[in-house]
Amino acid sequence: AQSVTQLGSHVSVSEGALVLLRCNYSSSVPPYLFWYVQYPNQGLQLLLKYTSAATLVKGINGFEAEFKKSETSFHLTKPSAHMSDAAEYFCAVSESGGQNFVFGPGTRLSVLP
Amino acid sequence: GAVVSQHPSRVICKSGTSVKIECRSLDFQATTMFWYRQFPKQSLMLMATSNEGSKATYEQGVEKDKFLINHASLTLSTLTVTSAHPEDSSFYICSARDRLAVQETQYFGPGTRLLVL
């Protein structure tokens, strides 16, 4: 069975600081991994996805994530936080690429001026 | 990129009434759509998988007679919350899978906020 954990339900960073949001997964088969962002009262927007190609995945808005099989991790990073990055971030895993998504509990990112 | 719309975006209804939520894939065909429910400050929970032309598959604990799903075409799935009660108030999000996409992924709608009084 698949599962996703996100360490830290709430992360605060200063504007311009490094953003690191953690995601660990468990999967019985090579997984597809996703990061989504959700702004208040809105749906989900895909930031990036890992589909067994390059382990370092670059996404939109300057975000990137690195797939580390040995650590079963897919942490999301951004070198310099912007106020507009404040949102809820969800990591998700899928064993079949397009269905049976399992979402992590989410991490709320706050960016302080 | 692929676009999924939901209508309405917000709905308020009285307890005991039924509410229909539409999910449309605007620029692609979706043989499979998914319905999620999200309570405040919580993650998304899959309710059901909707397959075009066949019955939906419901997750454990989701009442199929309460949450009626119809996927009548390759671009439209509807979720009807029957005899809604205040505990059904939630954020409902649909997603759709592009059947022609080489690398499958789900495209999410903007969500529908339901408030049952």
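Proteins get letters first, then strands, A, B, ... in listed order; numbering begins at 1 in each. Bear in mind that the values here come from a model prediction, so they are computed numbers and not experimental data.
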B:L46 vs A:V102, side-chain contact (heavy atoms from CB on, under 4.5 Å): CA-CA, chis, key distance, verdict | CA-CA 8 Å; B:L46 179 65; A:V102 173; over 6 Å; no
Please state whether the side chain, the backbone, both or neither of A:F90 comes within less than 4.5 Å of a heavy atom of chain B.
-> side chain
Which atoms of A:Q6 approach chain B - backbone, side chain, both or neither, heavy atom under 4.5 Å |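 Neither part.
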Got more than 12 heavy atoms from elsewhere within 6.0 Å of CG, B:L26?
-> yes
Is it the case that more than 12 heavy atoms not belonging to B:K66 sit under 6.0 Å from its NZ atom?
->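 Check passes, neighbour count above 12.
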How long is the span from the CZ atom in A:F103 to the CD atom in B:Q42, to the nearest 0.5 Å?
->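 Nearest 0.5 Å value for the CZ-CD distance: 14.5 Å.
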Return the minimal non-hydrogen interatomic distance between A:Q38 and B:F91, and the atom names on each side.
->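 Heavy atoms of A:Q38 and B:F91 come nearest at NE2-CE2, 3.6 Å.
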Of B:Y36, B:Y107, B:F108, which meets ring-ring contact (aromatic ring centres under 6.0 Å, His included) against A:Y36?
->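 The ring-ring contact (aromatic ring centres under 6.0 Å, His included) with A:Y36 is passed solely by B:F108 among B:Y36, B:Y107, B:F108.
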Is there a chain of hydrophobic side chains (I, L, V, M, F, W, Y, each step under 4.5 Å between heavy atoms) that links [X] to [Y]?
{"X": "A:L46", "Y": "B:I93", "answer": "yes"}
{"X": "A:L56", "Y": "A:L20", "answer": "no"}
{"X": "A:L48", "Y": "A:L33", "answer": "yes"}
{"X": "B:M45", "Y": "B:F34", "answer": "no"}

Give a yes or no on whether the backbone of A:G104 and the side-chain of B:S43 come within a donor-acceptor separation of less than 3.5 Å.
-> yes
Side chain, backbone, both or neither of B:E59 within contact of chain A (heavy atoms, under 4.5 Å) =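 The answer is neither part of B:E59.
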